[in-house]
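Letters go in sequence order (proteins before strands), and every chain restarts at 1.
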There are 2 protein chains.
Amino acid sequence: MFSIGELSKRTKVKVPTIRYYEELGLLAEAERTSGNQRRYDNTGLERLSFIRHARDLGFSIEAISSLIELQEHPDRSCETATDIAASQLEEVRAKIKRLRTLEKELSRISKGCDGEGVSEDCYVLASLADHNLCSREH
Amino acid sequence: MFSIGELSKRTKVKVPTIRYYEELGLLAEAERTSGNQRRYDNTGLERLSFIRHARDLGFSIEAISSLIELQEHPDRSCETATDIAASQLEEVRAKIKRLRTLEKELSRISKGCDGEGVSEDCYVLASLADHNLCSREH
DNA sequence: CTTGAACCTCTAGTCACTAGAGACATTACA
DNA sequence: TGTAATGTCTCTAGTGACTAGAGGTTCAAG
């Protein structure tokens with residue numbers, strides 16, 4: 001049995017965040033000492049590691065809730081879990097795509113004011129003001 | 001001179017967001033009709049387009065404030081603007097990198113439960129629970 | 001037994017909006 | 001000119017996923 005601080009150290013999840021997860025119901029309510037402090041065992045540690053890992057992968061709290069519910073009803077098929085993971089993957093791919101477009105435009109823009117022969121107006125500002133200067137839609 | 005709704009239509013920025021920008025000082029306070037409704041001209045339209053475009057590119061409100069301040073003091077060099085754009089670019093590149101790693105892991109995970117011969121435990125859940133199953137750090 | 005770190009609860013703040021209530025203004029049409 | 005529909009006003013509160021701080025209590029080491 002270990003304290004919330006210890007759990008925090010082991011999972012790299014901050015103490016207030018752990019309490020917050022408990023409040024949300026992601027984490028079961030911890031046992032308490034006679035002095036009202038939370039005590040955890042390996043079950044708590046594993047659960048929090050799961051949450052942490054999923055958050056790192058960009059899953060929303062809501063999605064994680066669903067996954068946890070599935071864990072607790074192993075009789076149900078894991079189709080839902082696969083679906084959740086797949087839709088997360090889709091989102092990630094969409095974000096990458098969008099960011100690539102931004103990258104292109106930003107690198108074009110931020111090259112603009114480099115030393116030589118730019119007109120007296122700032123190219124960065126002009127580019128932002130005038131969408132028509134973009135090479136493509138975004 | 002046109003209304004806030006018209007401005008919203010033209011810039012695709014929602015009405016409450018426009019008011020919010022005004023409150024933050026990103027947008028100058030609009031002129032008002034005798035009945036206290038906001039009226040805008042081209043200056044307002046251009047400014048809002050600028051903000052919208054920068055937000056689309058992922059600039060924070062704070063960064064946009066700095067850019068606007070620069071616009072209003074054209075005597076200053078555009079170095080700062082270039083810097084802001086460059087750091088935005090850096091952030092975008094970092095995000096892309098991170099998302100690529102996630103993409104790899106997610107696609108590995110979400111292939112897991114495909115039809116054939118997975119053990120009775122769900123691979124998605126197992127992967128999330130056990131970081132050691134990750135092919136690499138993330 | 002004392003000290004200091006860790007813990008407790010509670011409220012409020014972050015960012016960039018978004019939603020809703022309740023009241024007033026403008027516009028289109030009869 | 002009357003009226004109804006739509007638009008606009010301000011204000012407060014909510015979103016997601018935390019984070020920070022106040023003010024008080026408990027624990028572990030020496």
Hey, does B:L24 reach any base, or is it just sugar-phosphate, or nothing, if we go heavy atoms under 4.0 Å? nothing
When the distance from NZ of A:K9 to C1' of C:dA5 is rounded to whole Å, what number comes out? 11 Å
Would you tabulate the side-chain donor-acceptor contacts of residues 41-50 of chain B under 3.5 Å, counting partners in other chains and residues two or more places apart, or write 'none'?
| residue | atom | partner | partner atom | Å |
| --- | --- | --- | --- | --- |
| B:D41 | OD1 | B:T43 | N | 3.2 |
| B:D41 | OD1 | B:G44 | N | 3.3 |
| B:R47 | NH1 | B:L26 | O | 2.8 |
| B:R47 | NH2 | B:E72 | OE2 | 2.9 |
| B:S49 | OG | B:L45 | O | 2.8 |

Would you list the pairs meeting side chain to side chain donor-acceptor pair (under 3.5 Å) in which at least one residue belongs to residues 1-11 of chain A, sequence neighbours left out? A:E6-A:R10
Could you run down nucleotides 11-24 of chain D 5' to 3' and tag each one B, S or - for protein heavy-atom contact under 4.0 Å? ------BBS-----
For A:F2 and D:dT26, give me the distance from atom CZ to atom P, rounded to whole Å. 23 Å
Quick one: B:I64 CD1 to C:dA16 C1', roughly how many Å, whole number? 10 Å
Heavy atom of residues 25-40 of chain B under 4.0 Å from DNA chain D: which residues? B:R32, B:N36, B:Q37, B:R38
Output the rounded distance in Å from CD1 (B:I18) to C1' (D:dG7). 13 Å
Rounded to whole Å, CD of B:E23 lies from P of C:dC15 at a distance of 14 Å
Compare side-chain N and O positions of B:S3 against OP1 and OP2 of D:dT8 and report whether any pair is under 4.0 Å apart. yes
So how far is it from B:R98 CZ to A:L99 CG, rounded to the nearest 0.5 Å? 12.5 Å
Output side-chain donor-acceptor pairs under 3.5 Å for residues 59-66 of chain A, partner residues at least two apart or in another chain, one line each.
| residue | atom | partner | partner atom | Å |
| --- | --- | --- | --- | --- |
| A:S60 | OG | A:E62 | N | 3.4 |
| A:S60 | OG | A:A63 | N | 3.0 |
| A:S65 | OG | A:I61 | O | 3.3 |
| A:S66 | OG | A:E62 | O | 3.2 |

State whether the side chain of B:R52 and the backbone N or O of B:K12 hold a donor-acceptor pair below 3.5 Å, judged by distance alone. yes
CD of A:E22 versus P of C:dT9: gap in Å, rounded? 8 Å
A:I4 CD1 to D:dC27 P, straight-line distance once rounded to whole Å: 14 Å
Which residue is it: A:R93, A:K95, A:Q88? I am looking for the one with a side-chain hydrogen bond (donor to acceptor under 3.5 Å, both in side chains) to B:E103. A:R93
Roughly how far, to the nearest 0.5 Å, is CG of A:D83 from CD of A:E90? 10.5 Å
Could you please spell out the steps behind the side chain to side chain contact (heavy atoms under 4.5 Å, CB included) verdict for B:V15 and B:L7? CA-CA 8 Å; B:V15 168; B:L7 182 63; over 6 Å; no
Sorted by first residue and then second, give each salt bridge (charged side-chain N to carboxylate O under 4.0 Å, His left out) pair with at least one member in residues 17-29 of chain B; sequence neighbours left out. B:E22-B:R32, B:E22-B:R38
Here the distance between atom P of C:dC17 and atom NZ of B:K12, to the nearest Å, is 17 Å
